[in-house]
Amino acid sequence: MELFKRVDEVRTWSRRTRAAGLTVGFVPTMGFLHEGHLSLMRQAREKCDRVAASIFVNPMQFGPKEDLAAYPRDLDRDLERMSSVPVDVVFHPDPEEVYPPGYQTRVEVTDVTRDLCGRYRPGHFTGVATVVLKLFHIVEPDLAIFGEKDYQQLVTIKRMARDLNLDVRVEGGVTVREPDGLAMSSRNTYLSGEERKSARALSSSLGLARDMVAAGQRDPARIIEAVRRHIEDHPHTRVEYAELVDPETMQAVDRIGPRTLLVLSVHVGRARLIDNAVLTAS
Ligand code: PAF
C-alpha cells in the first residue's frame, strides 16, 4: 500500500493505472476508519482493479462551532485497517495541499442540500461538494463509493456528478451497524456509556416506523410523532430533525409512498448522530 501526500503523486499513479487499462475505485473518508468505511473499500475492490482511499478531515465542511479540532484521528490504525482490504493507494494530504493560500472556489448544489442537515449545518454541503469534486479531479476514479448512512451527502454528490457531467460513477454502500443496531460512525466515540445505550434509540425508531408502515400507517405526521417520542424517551437525547422525504429530491412527502426515506438527526450527549431507512409501502 502506497501513501501519498501530494496531489501530483496520486494523479500520476491514477493516470498510469488507467493507461494500463485498469479501473480505479475510490473511497473518500475523513479517517478514524470503522467497518462501515472498510465495507465501502471492499465494494470498490470487488468492482475495480485498483482501490484508492483518501483520509482528509476537510475543514471547509465544518461550521465554526463544530468539532473540527476534536474530530478523532489515528492514521497508523487507519493504515493497518486498510491493508486488510487491501487498499492500493492512500491519499492523505495536508490542508494546505488541498486549500493553498489564496484558495477561493466553492461548489454549491442547491435544492437537495437546502433542508435536513443543510438547514442545521449551513455551508456543510458546499464544503463536501467542493472537496469531493477536487478529490475526483485529483484521483480521477472510474467509480466512487459513499455510505448510505450519509444519505443526503450521497444524493448531493450524485446530483453534482450528473449536473457537472463528471466522468465517474457514484454508488452508495449499505450502512454497517453494531450488533445492537447503532449505525457505525466515527462520532460514536464521543458517547459515554449511558449515552451509548440511548443511541440505540435511533435504529430502534427506524424499526418502529417500518412496523407502523407494515401495519398500514401512511400518514407521515403520525410516524414522525411516534419516532420522536420513542427517541426522546431515552435520556441524553434531543431530536434535531425526523422527517419523511422523497429519496431522490430530499423533499418532505405528505403521504408514505412505495419508497419513502425516514431521516433522523439526533443529539446524544455531545454527539450529533444521523441515521435513515427506506420505508416501502405497497
Ligand atoms: O463522509 C465523509 O467522510 C466526508 O463528508 C467526505 C465525503 C469524505 C468529504 O470530506
Side-chain angles (χ1 to χ4, degrees), residues 4 7 10 25-41 43-44 51-63 66-75 77-78 81-82 87 89-99 103 105-109 112-113 116-118 120-139 141 143-161 164 166 168-176 183-190 250 263 265 271-276:
F4 294 136
V7 168
V10 67
F26 176 47
V27 180
T29 80
M30 298 205 301
F32 211 69
L33 304 179
H34 49 68
E35 201 41 48
H37 296 110
L38 299 181
S39 79
L40 304 180
M41 294 172 193
Q43 190 171 328
V51 177
S54 60
I55 295 183
F56 178 61
V57 182
N58 173 35
M60 201 194 275
Q61 70 188 72
F62 288 78
E66 292 184 353
D67 56 342
L68 173 62
Y71 197 84
R73 293 157 169 92
D74 190 338
L75 181 63
R77 199 183 69 149
D78 287 348
R81 291 194 167 179
M82 282 186 284
V87 167
V89 155
V90 181
F91 180 45
H92 178 52
D94 290 330
E96 311 77 59
E97 180 73 1
V98 178
Y99 301 115
Y103 186 89
T105 302
R106 283 172 161 69
V107 179
E108 205 191 340
V109 182
V112 296
T113 68
L116 310 174
C117 288
Y120 294 96
R121 302 186 70 189
H124 169 68
F125 287 115
T126 298
V128 170
T130 303
V131 80
V132 169
L133 182 63
K134 283 174 68 75
L135 290 167
F136 283 177
H137 283 312
I138 294 165
V139 179
L143 169 71
I145 306 184
F146 297 82
E148 287 176 353
K149 184 177 79 68
D150 298 288
Y151 207 96
Q152 192 176 14
Q153 168 172 281
L154 173 63
V155 169
T156 301
I157 291 160
K158 283 187 169 171
R159 184 74 263 164
M160 173 180 77
L164 299 181
L166 302 184
V168 54
R169 210 167 76 241
V170 176
E171 254 183 32
V174 293
T175 302
V176 178
M184 290 196 184
S185 164
S186 308
R187 289 188 168 101
N188 290 349
T189 54
Y190 297 156
M250 306 307 283
V263 276
S265 166
R272 177 183 177 276
L273 306 179
I274 57 174
D275 204 348
N276 66 76

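Indexing begins at 1, ligand by ligand and atom by atom, following the structure's order.
The aromatic rings of Phe136 and Phe26 sit perpendicular to each other, their planes meeting at more than 60°, with 30° as the lower class boundary.
Protein heavy atom nearest atom 3 (O) of ligand 1, with residue, atom name and distance: Met30 CG, 3.5 Å. Here the protein heavy atom with the shortest distance to atom 10 (O) of ligand 1 is Gln61 OE1, 2.6 Å. In this structure, atom 7 (C) of ligand 1 lies nearest to the protein heavy atom Gln153 NE2, 3.5 Å.
Within the 4.0 Å heavy-atom criterion, neither part of Ile157 lies near ligand 1.
Taking the side chain as every heavy atom from C-beta outward, Arg81 and Met41 never approach each other to under 4.5 Å. In this structure the side chain of Gln153 never reaches within 4.5 angstrom of the side chain of Val132, judged on heavy atoms.
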Start with the C-alpha gap between Leu273 and Asn188, add the side-chain angles, then the distance that decides, and say whether side chain to side chain contact (heavy atoms under 4.5 Å, CB included) holds. CA-CA 8 Å; Leu273 306 179; Asn188 290 349; 3.5 Å; yes
For Tyr151 and Met250, run side chain to side chain contact (heavy atoms under 4.5 Å, CB included): C-alpha distance rounded to whole Å, both residues' side-chain angles, the deciding distance at 0.1 Å, then the answer. CA-CA 9 Å; Tyr151 207 96; Met250 306 307 283; 4.3 Å; yes
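Near Thr29, with a cut-off below 4.0 Å to any heavy atom, the atoms of ligand 1 are 8 (C). The ligand atoms of ligand 1 that sit less than 4.0 angstrom from a heavy atom of Val131 are 9 (C), 10 (O). The atoms of ligand 1 that sit less than 4.0 Å from any heavy atom of Pro28 are 8 (C).
In summary, the side chains of Asn58 and Tyr99 do present a donor paired with an acceptor at a separation below 3.5 Å, with no hydrogens or angles considered.
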